[in-house]
Undergrad: 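Take a look at this one; I'll ask things after.
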Amino acid sequence: MTRPTRIIGAPIDYGANRRGVDMGPSAIRYGGLAAQLEDAGAAVADDGDVAAPRAEERDPEAEKPSEGRAKFLRETKAVCTALSDRVAETLADDELPLVLGGDHSIAIGSVTGSARNADVGLVWFDAHGDFNTPTTSPSGNVHGMPLAALLGIGEFAGVEWANADGLREENVAIVGLRSVDEAERKAIRQSEVTAFTMSDIDEEGITDVVDEALDVATAGTDGIHVSLDLDWLDPREAPGVGTPVRGGVNYREAHSALETVAETDALRSLELVEVNPILDEQNETASLATELAASALGKRIL
Ligand SMILES: NC(=[NH2+])NCCC[C@H](N)C(=O)O
Ligand SMILES: [Mn+2]
Ligand SMILES: [Mn+2]
């Protein structure tokens, strides 16, 4: 029997260039999330969404980083702080938080919450490194920065609300990387984070790569957080995302990866991000997200 699962929505799109991922939580719920999770054997409760300021109330320049550019940092901080508390409370109740985004900046909230009273490993399924900082970011979009924020890199050093207490670089694995900015490449190489690119998946196959990623994340930790950016998949499988990149994993590879996550039995918290219903086709990306969540929670073909 899977741990009781509590759904928490974080309906924001401050961190992304293209509007629409704020509707992700609705689309994923509408795509049949609760039924999928029950199929996986999980008892499901829906905690609703964290409060998010409306577009009209936003000020892109309200809170500035020490240097560089990070748009809507004040709003991102407010939402992530609330989300972090909800995730920590859910874990304290011995339930599994399933966070629905929203753009990937919400990972700052989910992971700080998950790593508050525990040593946590992190598996980051993504086409992107999300390793920019306010000075290296080409866009100023915070969804390209959450990993650097959580690890306290660059201008994020000592930024308490954004740094994850119980997370060490050695326990972070990025899987499926294929779009990296120049400064990000350097920063990832300099860090202790393990990055598995699409070329690694070409060479070794998804099974071996995910096994290795899970070894990295589980080594010496109390459990793992899995952050699934839907642009990890090839845009043919997941068209409803704001920053699609060709050459991603296919449908079966994605399921296989999350089935392997379930087998490890170390899952502490999970999030599904970057679903953009405006750009989607008949909600297929949101439905796919629900299926992958079910695989991560232990749903099997037979
Ligand atoms: N979570 C994402 N979809 N991130 C995309 C980041 C794109 C680019 N590297 C940037 O920093 O702007
Ligand atoms: Mn991405
Ligand atoms: Mn991402």
Side-chain angles (χ1 to χ4, degrees), residues 10 12-24 60 65 68-73 76 79-80 99-111 122-151 153-156 162 172-189 191 193 195-198 201 213 225-235 237-249 254 257 270-280 285 288-289 292:
I12 67 165
D13 65 356
Y14 318 133
N17 242 351
R18 308 178 74 165
R19 298 290 318 272
V21 281
D22 56 324
M23 290 178 259
R69 204 158 61 114
K71 295 184 231 165
F72 302 109
L73 197 58
T76 306
V79 172
C80 285
V99 178
L100 311 179
D103 71 74
H104 217 160
S105 69
I106 65 155
I108 299 173
S110 332
V111 181
L122 178 57
V123 181
W124 195 270
F125 292 109
D126 204 328
H128 305 95
D130 293 348
F131 225 83
N132 275 304
T133 72
T135 51
T136 69
S137 171
S139 60
N141 296 326
V142 181
H143 77 157
M145 310 182 194
L147 264 178
L150 288 164
L151 296 170
I153 288 166
E155 302 79 58
F156 289 115
V172 177
I174 305 172
V175 179
L177 195 63
R178 59 191 183 278
S179 170
V180 202
D181 301 315
E182 212 34 61
E184 264 188 313
R185 175 172 289 120
K186 222 171 122 193
I188 293 172
R189 285 214 180 120
S191 75
V193 164
F196 299 95
T197 66
M198 282 310 300
I201 296 177
H225 175 85
V226 170
S227 195
L228 173 56
D229 182 330
L230 269 292
D231 68 33
W232 176 52
L233 286 106
D234 193 90
E237 320 278 356
V241 298
T243 46
V245 189
R246 289 178 74 181
V249 298
L270 172 65
E271 76 193 324
L272 309 168
V273 301
E274 297 282 343
V275 171
N276 189 326
I278 293 178
L279 304 171
D280 206 1
T285 307
L288 175 57
L292 295 173

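In listed order, ligands and their atoms are each counted from 1. Because the structure is a prediction, the values reported are computed rather than measured.
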Undergrad: Look at atom 3 (N) of ligand 1 and find which of Asp126, Asn17, Thr243 reaches it with the closest heavy atom.
TA: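 It is Thr243 that holds the nearest heavy atom.
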
Undergrad: Do side-chain atoms of Asp231 reach the backbone of Val241 as a donor and acceptor pair under 3.5 angstrom?
TA: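 Checked: no pair found.
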
Undergrad: Does Thr76 reach the main-chain N or O of Phe72 with its side chain, forming a donor-acceptor pair under 3.5 Å?
TA: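 Side chain of Thr76 to backbone of Phe72, a donor-acceptor pair under 3.5 Å: yes, one is there.
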
Undergrad: Show which atoms of ligand 1 fall inside a sub-4.0 Å distance from at least one heavy-atom site of His104.
TA: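 Heavy-atom distances to His104 below 4.0 Å select 1 (N).
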
Undergrad: What protein heavy atom lies closest to atom 2 (C) of ligand 1? Include the residue and the distance to one decimal.
TA: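 Residue, atom and distance for the closest contact: His143 ND1, 3.4 Å.
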
Undergrad: If you measure every N/O of Ser137 against every N/O of ligand 1, is any gap under 3.5 Å?
TA: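 Ser137 vs ligand 1: no N/O contact under 3.5 Å.
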
Undergrad: With heavy-atom distances below 4.0 Å as the criterion, list the atoms of ligand 1 near Gly144.
TA: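 Those of ligand 1 that fall under 4.0 Å from Gly144 are 6 (C), 11 (O).
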
Undergrad: Evaluate the side-chain proximity of Pro138 to Asn132: yes if any heavy-atom separation is below 4.5 Å, no if none is.
TA: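 With C-beta onward as the side chain, the pair touches.
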
Undergrad: Between His143 and Asp229, does the side chain to side chain donor-acceptor pair (under 3.5 Å) criterion hold? Intermediate values first, please.
TA: CA-CA 10 Å; His143 77 157; Asp229 182 330; over 6 Å; no

Undergrad: Return the residue, atom name and 0.1 Å-rounded distance of the protein heavy atom closest to atom 4 (N) of ligand 1.
TA: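 In this structure, atom 4 (N) of ligand 1 has Asp130 OD1, 3.0 Å as its nearest protein heavy atom.
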
Undergrad: To the nearest 0.5 Å, what is the distance between CZ (Phe131) and OG (Ser191)?
TA: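 Taking CZ in Phe131 and OG in Ser191, the distance rounds to 4.0 Å.
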
Undergrad: Any idea which part of His128 is under 4.0 Å from ligand 1, heavy-atom wise: side chain, backbone, both or neither?
TA: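 Side chain only; the backbone of His128 stays clear of ligand 1.
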
Undergrad: Vertex the Mn ion (ligand 2): angle to OD1 of Asp126 and OD1 of Asp231, to 10°?
TA: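 Taking the Mn ion (ligand 2) as the apex, I get 80° for this pair.
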
Undergrad: So which atom in Ala254 and which in Leu233 form the shortest heavy-atom distance, rounded to 0.1 Å?
TA: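 Reported closest heavy-atom pair: CB-CD2, 3.6 Å.
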
Undergrad: Using a 4.0 Å heavy-atom threshold (strictly under), name the region of Val180 that reaches ligand 1: side chain, backbone, both or neither.
TA: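 No part of Val180 comes within reach of ligand 1.
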
Undergrad: For ligand 1, which atoms have a heavy atom of Asp229 less than 4.0 angstrom away?
TA: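 Atoms satisfying the 4.0 Å criterion: 1 (N), 2 (C), 3 (N).
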
Undergrad: Please walk me through it: do Val123 and Val175 pass side-chain contact (heavy atoms from CB on, under 4.5 Å)?
TA: CA-CA 7 Å; Val123 181; Val175 179; 4.1 Å; yes

Undergrad: Over all heavy atoms of both residues, which pair between Gly20 and Asp13 is shortest? Give the atoms and the distance, please.
TA: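 Answer, listing the atom of Gly20 first, then Asp13: N-OD2, 3.1 Å.
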
Undergrad: So, do Thr136 and Asp181 sit near enough that their side-chain heavy atoms are less than 4.5 Å apart?
TA: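 The answer is no, as the side chains (C-beta and beyond) never meet within the 4.5 Å cut-off.
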
Undergrad: Looking at the Mn ion (ligand 2), which N/O/S atom of Asp229 is the nearest one?
TA: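 Within Asp229, restricted to N, O or S, the Mn ion (ligand 2) is closest to atom OD2.
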
Undergrad: Using a 4.0 Å heavy-atom cut-off, say whether Asp231 meets ligand 1 through its side chain, its backbone, both or neither.
TA: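 The answer is the side chain.
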
Undergrad: From the Mn ion (ligand 2) out to just under 2.8 Å, does an N/O/S atom of His128 turn up?
TA: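 A backbone or side-chain N, O or S atom of His128 is under 2.8 Å from the Mn ion (ligand 2).
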
Undergrad: Return the closest protein heavy atom for atom 11 (O) of ligand 1 as residue, atom name and distance.
TA: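 Answer, as residue, atom name and distance: Asn132 ND2, 3.0 Å.
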
Undergrad: If the cut-off is 2.8 Å, does any N/O/S atom of Asp130 fall short of it from the Mn ion (ligand 3)?
TA: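 Yes, Asp130 qualifies, because one of its backbone or side-chain N, O or S atoms lies under 2.8 Å.
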
Undergrad: Using only heavy-atom distances, determine whether the side chains of Thr243 and Glu274 contain a donor-acceptor pair under 3.5 Å.
TA: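 Not at all, the side chains of Thr243 and Glu274 share no donor-acceptor pair under 3.5 Å.
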
Undergrad: Could you check whether any side-chain N or O of Asn276 sits under 3.5 Å from a backbone N or O of Arg19, counting only pairs where one atom can act as donor and the other as acceptor?
TA: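 Present.
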
Undergrad: Looking at atom 10 (C) of ligand 1, what's its closest protein heavy atom, distance included?
TA: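 In this structure, atom 10 (C) of ligand 1 has Ser139 OG, 3.5 Å as its nearest protein heavy atom.
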
Undergrad: Examine all N, O or S atoms of Glu274, backbone included, and report whether one is under 2.8 Å from the Mn ion (ligand 2).
TA: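 Under 2.8 Å: Glu274 has no N, O or S contact with the Mn ion (ligand 2).
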
Undergrad: I'd like to check Thr285 versus Pro239 (side-chain heavy atoms, cut-off strictly below 4.5 Å). Are they in contact?
TA: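 When only atoms from C-beta onward are counted, Pro239 and Thr285 do touch, with a gap below 4.5 Å.
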
Undergrad: Which is it for Val241 and ligand 1 at heavy atoms under 4.0 Å: side chain, backbone, both or neither?
TA: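 For Val241, no heavy atom sits under 4.0 Å from ligand 1.
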
Undergrad: Would the distance check show the side chain of Asp126 and the main-chain N or O of Trp232 forming a donor-acceptor pair, the cut-off being under 3.5 Å?
TA: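 Not a single qualifying donor-acceptor pair exists.
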
Undergrad: Could you confirm whether His104 has any N/O/S atom lying under 2.8 Å from the Mn ion (ligand 3)?
TA: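 Short answer: yes, at least one N, O or S atom is under the cut-off.
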
Undergrad: Nearest protein heavy-atom contact for atom 8 (C) of ligand 1: which residue, which atom, what distance?
TA: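 Here the closest protein heavy atom is Asp181 OD2, 3.6 Å.
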
Undergrad: I need the atoms of ligand 1 closer than 4.0 Å to a non-hydrogen atom of Glu274, numbered in the order shown.
TA: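 Matching atoms, with element in brackets: 1 (N), 2 (C), 3 (N).
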
